[in-house]
Amino acid sequence: MIWSIILALVVGLAAGTFITSIIFKKSAIGSLRIDKSDPDCGPLLFLELDEPVENLKTGEVVIMDVIVENLVAPQEKHSL
């Protein structure tokens with residue numbers, strides 16, 4: 001009897017979490033690329049939007065995908 005109640009609570013919690021995540025899902029409007037290929041300067045940031053800039057003015061919060069990559073391969077340093 002107690003196991004059926006615990007099972008019902010776990011299934012209900014999982015279903016509620018799944019349904020809530022679908023209803024309140026916010027999608028990213030673009031990506032922020034971070035280039036860390038040059039160790040002599042700080043990281044370079046590139047903003048890539050999937051929507052017009054005018055759409056950003058309507059909300060207070062923006063969700064973006066963050067991509068960290070090295071766009072330029074590091075060159076070897078040769079010493080003589």
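One-based numbering along the sequence shown. When reading the values below, keep in mind they use all heavy atoms of this one structure, side chains included, and skip hydrogens, waters and symmetry mates.
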Verdict with supporting geometry, Val68 and Ile34, side-chain contact (heavy atoms from CB on, under 4.5 Å): CA-CA 5 Å; Val68 179; Ile34 303 173; 4.2 Å; yes

Members besides Ile67 in its Ile/Leu/Val/Met/Phe/Trp/Tyr cluster (side-chain heavy atoms under 4.5 Å):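 Its cluster mates, by chain and number: none.
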
Evaluation steps, side-chain contact (heavy atoms from CB on, under 4.5 Å), between Phe46 and Leu32: CA-CA 6 Å; Phe46 299 95; Leu32 177 67; over 6 Å; no

Heavy-atom closest contact (Pro43 atom, Lys36 atom, distance):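 That would be CB-CG, 4.2 Å.
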
Using atom types as modelled, flag every donor-acceptor pair under 3.5 Å from a side chain in residues 15-22 to any protein atom, sequence neighbours excluded.
residue : atom : partner : partner atom : Å
Thr17   : OG1  : Leu13   : O            : 2.8
Thr20   : OG1  : Gly16   : O            : 2.7
Ser21   : OG   : Thr17   : O            : 3.4
Ser21   : OG   : Phe18   : O            : 2.7

Test side-chain contact (heavy atoms from CB on, under 4.5 Å) applied to Val66 and Arg33, step by step: CA-CA 6 Å; Val66 177; Arg33 292 187 179 271; over 6 Å; no

Inter-residue atom distance Ile29.CD1 - Asp65.CG, 0.5 Å rounding: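 Answer rounded to 0.5 Å: 10.0 Å.
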
Steps toward side-chain contact (heavy atoms from CB on, under 4.5 Å) verdict (Glu48, Ser31): CA-CA 5 Å; Glu48 299 173 350; Ser31 60; 3.1 Å; yes

